[in-house]
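Given the structure is predicted, the values throughout are model-derived calculations rather than measurements. When a residue number appears, it is its place in the shown sequence, counting from 1.
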Amino acid sequence: MDTFIGQDLTCVRGERRVFSGLAFDVAASAVLTLVGPNGSGKSSLLRMMAGLLPPFAGSMLWSGHDVTDDRDAHRSRVVYVGHQDAVKPVLTVGENLEFWAVMSGRDAASVDKALEGMGIRHLVDVPGRFLSAGQKRRLNLARILVSDAALWLLDEPTTALDASAIEALKRAIERHRAASGIVVLSTHSDLGLGDTSSLDLARYAVDQDQEAAP
């Protein structure tokens, strides 16, 4: 079964060392929740896990193999939903999902299931520019449902979602776990996902005063 492990990770943004010595270990069917105050590096760690931000130091292993040994293979096993709005405004909801499905090597059937799964089937012909913030968030999250990715990385996924959308997301996560998938997410809300583990990034914060000392 798959495992995703981080060892002695250090993150540097600009001239600031955000965290150092960070470690994580998450196995198939597990959810890892990232917690910590704003600025502690939750978003940076998710981007690092996705291969979008190289660690200043340390390594990440997928089932015992360093992810940098085959970056394309790692990208193929990851779907990342961050804060940035990935909805193309001139495309309809259906066309946006079809684009993401093609990028993931999926067919039209996966698009229909994703629309249903996130409760946006009725918006299929609506251009992205006319969507509300909550509808755009649902559409962005539908990307995880048109992906075969084993690793879901979700940065504050409940932002702008109403109660029904949060329930739809919970169901999607539970189905992914049942299929031996791995989920890493940051959130300020308790999603009620049952048996999960958490990683407090405040434990790995670097004392900036000490860092600046001669």
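- No side-chain heavy atom of L185 sits under 4.5 Å from any side-chain heavy atom of L34.
- Side chains of D66 and S59: no donor on one and acceptor on the other come within 3.5 Å.
- For D195 against R177, the heavy-atom pair with the smallest separation is O-NH2, 2.7 Å.
- The aromatic rings of H176 and W152 sit parallel, their planes meeting at an angle under 30°, below the 60° perpendicular limit.
- Between K42 and D155 there is no salt bridge, since no side-chain N of the basic residue sits under 4.0 Å from a carboxylate O of the acidic one.
- Counting only heavy atoms from C-beta outward, the side chains of L45 and L199 approach each other to under 4.5 Å.
- Side-chain contact between L153 and V79: absent, with no pair of heavy atoms (C-beta onward) separated by less than 4.5 Å.
- Salt bridge annotation for D72-R75: present, with a cationic side-chain nitrogen under 4.0 angstrom from a carboxylate oxygen.
- For the pair E116 and D112, the minimum side-chain heavy-atom distance is 4.5 Å or more.
- Within 6.0 Å of CG in D69 there are more than 12 heavy atoms belonging to other residues, nucleotides or ligands.
- Put simply, L91 and I120 are part of two different groups of oily side chains (I, L, V, M, F, W, Y) that touch within less than 4.5 Å, one to the next.
- The minimum heavy-atom distance linking V81 with I144 is given by the pair CG2-CG2, 3.9 Å.
- Atom CZ of F56 has 12 or fewer heavy atoms from other residues, nucleotides or ligands within 6.0 Å.
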**Item:** From CA spacing to verdict: side-chain contact (heavy atoms from CB on, under 4.5 Å), L22, Q7
**Value:** CA-CA 7 Å; L22 185 145; Q7 300 174 329; over 6 Å; no

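- The nearest pair of heavy atoms linking A114 to L145 is CB-CB, 3.7 Å.
- Summarising the geometry of M60 relative to M48, their closest heavy-atom pair is CE-O, 3.1 Å, with the distance given to 0.1 Å.
- The two residues T10 and S20 have their closest heavy-atom pair at OG1-OG, 3.2 Å.
- One side chain, R138 or S164, offers a donor N or O that lies under 3.5 Å from an acceptor on the other.
- Remark: R129 CZ is packed, more than 12 non-hydrogen atoms of other residues, nucleotides or ligands lying under 6.0 Å away.
- Residues S40 and P37 share a closest heavy-atom pair of OG-O, 2.7 Å.
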